[in-house]
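Only a predicted model underlies this, so the values are computations on that prediction, with no experimental measurement involved. Atom set for the values below is all heavy atoms of this structure, side chains included, hydrogens, waters and symmetry mates excluded. Quick note: residue numbers are just sequence positions, from 1.
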Amino acid sequence: MPKSRIRKKADYTPPAAKQATNIKLTSRSWVAPVMLAMFLIGLAWIVVFYVTDGSLPIDSLGNWNIVVGFGFIAAGFGVSTQWK
């Protein structure tokens with residue numbers, strides 16, 4: 001039986017180097033102060049509602065003042081998703 005020919009393997013050539021891409025870093029310095037402000041406003045809104053026995057911050061909202069306070073807190077969590 002005849003011998004098969006030995007195939008010459010191609011020399012290893014590394015893949016082409018990737019080009020460095022410029023990464024644009026946008027300034028997100030506003031996120032932390034806004035997030036903390038929303039948390040504190042929401043907390044203060046709820047505390048004022050309970051301390052004043054429901055007469056403040058907005059008397060006509062009644063118990064919906066709690067929802068407004070938690071809305072501010074939820075907005076703070078929403079803003080926190082932008083933090084890098």
Exercise for review: Evaluate the side-chain proximity of F49 to N63: yes if any heavy-atom separation is below 4.5 Å, no if none is.
Suggested key: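 They are in contact (side-chain heavy atoms under 4.5 Å apart), so the answer is yes.
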Exercise for review: Might you point out which heavy atoms bring G76 and M35 nearest each other, and give the distance in Å?
Suggested key: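 Scanning both residues, the minimum pair turns out to be O-CG, 3.5 Å.
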**Study point:** Least distance between heavy atoms, I58 atom then N65 atom
**Key:**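 Nearest pair, atom of I58 first, then N65: O-ND2, 2.9 Å.
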Exercise for review: Quick one: which residue pairs count as a ring-ring contact (aromatic ring centres under 6.0 Å, His included) with a foot in residues 51-84, not counting sequence neighbours?
Suggested key: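 For residues 51-84: F39-F77, W45-F72.
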Practice item. Starting from the C-alpha separation in whole Å, work towards a yes-or-no answer on side-chain contact (heavy atoms from CB on, under 4.5 Å) for V68 and I46. Key: CA-CA 8 Å; V68 172; I46 294 170; over 6 Å; no
**Study point:** Same apolar cluster (I L V M F W Y, side chains within < 4.5 Å links), L43/L56
**Key:**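 In one cluster with L43: L56, no.
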Point to revise | Spacing of CG belonging to L61 relative to CD1 belonging to I66, to within rounding of 0.5 Å | key: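 With rounding to 0.5 Å, CG (L61) is 11.0 Å from CD1 (I66).
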